[in-house]
Amino acid sequence: MYAEDVPLREIAKKTGTPLYVYSHKTLLRHFNAFRESFDHFPHIICFALKANPNAALLILLAKKGCGADVVSGGELFLALKSGIPARKIVYAGVGKTDEEIRYALRSRILMFNVESADELLTIDKIAGEMGVRAPIALRVNPDISTSTHPYISTGLKKHKFGIPIENAVEYYGLARELHHIRILGIHKHIGSQITKLSPFVDALKKVLLLVKKLRSHGIEIKYLDMGGGLGIPYDDNIPPHPKDLAQAILPLLKNQGLTLIMEPGRSIVGNAGILVTKVIYLKKHLKKEFVIVDAGMNDLIRPSLYDAYHQIVPVELNDRLKVVVDVVGPICESGDFFAKNRKMDRPLHGELLAIMSAGAYGFSMSSNYNSRPRAAEVLVKGKDFSVIRERETYKDLLKGIKIPGYLK
Ligand code: LLP
């Protein structure tokens, strides 16, 4: 198996495992798919950093004109440091702190996607203290079901996100009264790994009705931020292409005088990355067979957390017997697995496996649980590969630790 023109075996030999490998070409292809599909409509693509905030990947996207959707001061810092212009940065999240709001105002980001009246008042107060006006959109919750995993669905009334769409006029009315707030847009994000077009279309229709209503109240909306959420193939499902999304929604946006903002994360980076891991033991007891690998739920938590499916294939591709196995990590939790009862090519002791579609919410959700240094990340471009994040060392596990004097 190759990443672009480099055998994975070669990369793993040099950097060890577990290891995230990304393809330069695939990342750009995915970004360009959005860019080209929306080419004829005023738009900004704001990559959702939470999917993968590696600065090397961000610099690559920034050079192609990509913006950023951030949800913390840390993400804002990484976006700015990677050369993403502040005028292409939108800032969402239900719990922005005063410090984070100040930082974003100082940086002159495009707009805050505000999620509550309390937050709106806080932003107004801080902007007043700084002598500026804060550009905002209100995140509305259109109450649309997405039939995705409950943990990654966000657009229903019961969710903590945004303000109920039926109260939006009232909230915009409040925003208009605030001296240090400048209304710029409207925002929605209904969930992630959405594999059909209808939820996007339904939600957009609701938001456009609202835009019309707001305009009839004299409230001007310039940017419509439709959030992210386009799904990717993890198995044999085929979600819509950005081109299909464009075809479904652009007719609705015609002659509305709006600039469209999109916040794709997974659909740009998900299938541009894999996690390479080594089989350390094969174990059989009773009727079960386990393949124990050197990556754990601390490296890729999606199967444990969402019961997510990731294809797993041996890096040395050849014909072999099929077996039914659990692929598990070394962590002391039964939830530490990558696949259960999976029919796959019989893995061999010591060989490499590729866990596919791991570029999004892989490294970004990783941790040091069980005191495991975090994996390395590598970017492949043609025949070359570069380490874009060094593997952590044991020493890193002590970073920031302070021992009280009485223990010395
Ligand atoms: N915009 C906002 C406001 C979001 O909350 C999210 C994702 C995105 C954009 C990007 O969504 P995407 O295009 O990547 O679907 N950890 C979960 C996914 C959580 C998504 C959270 N919000 C997973 O591994 O499936």
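Just follow the structure's listing: the first ligand is 1, and inside any ligand the first atom is 1. Residues: numbered from 1 along the sequence shown. Please read these numbers as outputs of a predicted model, since none were measured by experiment.
Counting heavy atoms under 4.0 Å from ligand 1, residue Arg266 touches it through both backbone and side chain. Contacts of Glu263 with ligand 1, taken as heavy-atom pairs under 4.0 Å, involve both backbone and side chain.
Salt bridge absent: Glu390 and Arg374 never bring a charged side-chain N and a carboxylate O closer than 4.0 Å. We find that Asp143 and Lys206 are not joined by a salt bridge, their nearest charged nitrogen and carboxylate oxygen being 4.0 Å or further apart.
Heavy atoms of Gly229 approach ligand 1 to within less than 4.0 angstrom.
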> Under the ring pair (Phe, Tyr, Trp, His ring centres under 6.0 Å) criterion, do His187 and Tyr223 qualify, and how do the steps go?
Replying inline: CA-CA 8 Å; His187 176 239; Tyr223 292 98; over 10 Å; no

>> Working note: His310 + Tyr234, criterion ring pair (Phe, Tyr, Trp, His ring centres under 6.0 Å); need CA distance, chi angles, decisive distance, verdict.
In response: CA-CA 6 Å; His310 286 262; Tyr234 280 101; 5.2 Å; yes

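No N or O atom of Pro264 sits closer than 3.5 Å to an N or O atom of ligand 1. Residue His187 has no nitrogen or oxygen atom sitting less than 3.5 Å from a nitrogen or oxygen atom of ligand 1, judged on distance alone. Of the polar atoms of Arg302, at least one N or O is found under 3.5 Å from an N or O of ligand 1, judged by distance alone. Geometrically, ligand 1 and Ser192 share a nitrogen or oxygen pair separated by less than 3.5 Å.
Annotation: cation-pi pair Lys283/Tyr281 absent, no NZ/CZ under 6.0 Å from the ring centroid and within 45° of its normal.
Below 30°, between 30° and 60°, or above 60°: for Phe290 and His285 the angle between ring planes is between 30° and 60°, a tilted geometry.
For ligand 1, the atoms closer than 4.0 angstrom to any heavy atom of Ala48 are 8 (C), 9 (C), 10 (C). Residue contact check: Gly265 has heavy atoms under 4.0 Å from atoms 12 (P), 13 (O), 14 (O) of ligand 1.
Between the side chains of Arg139 and Asn141, no donor-acceptor pair is found at a separation under 3.5 Å.
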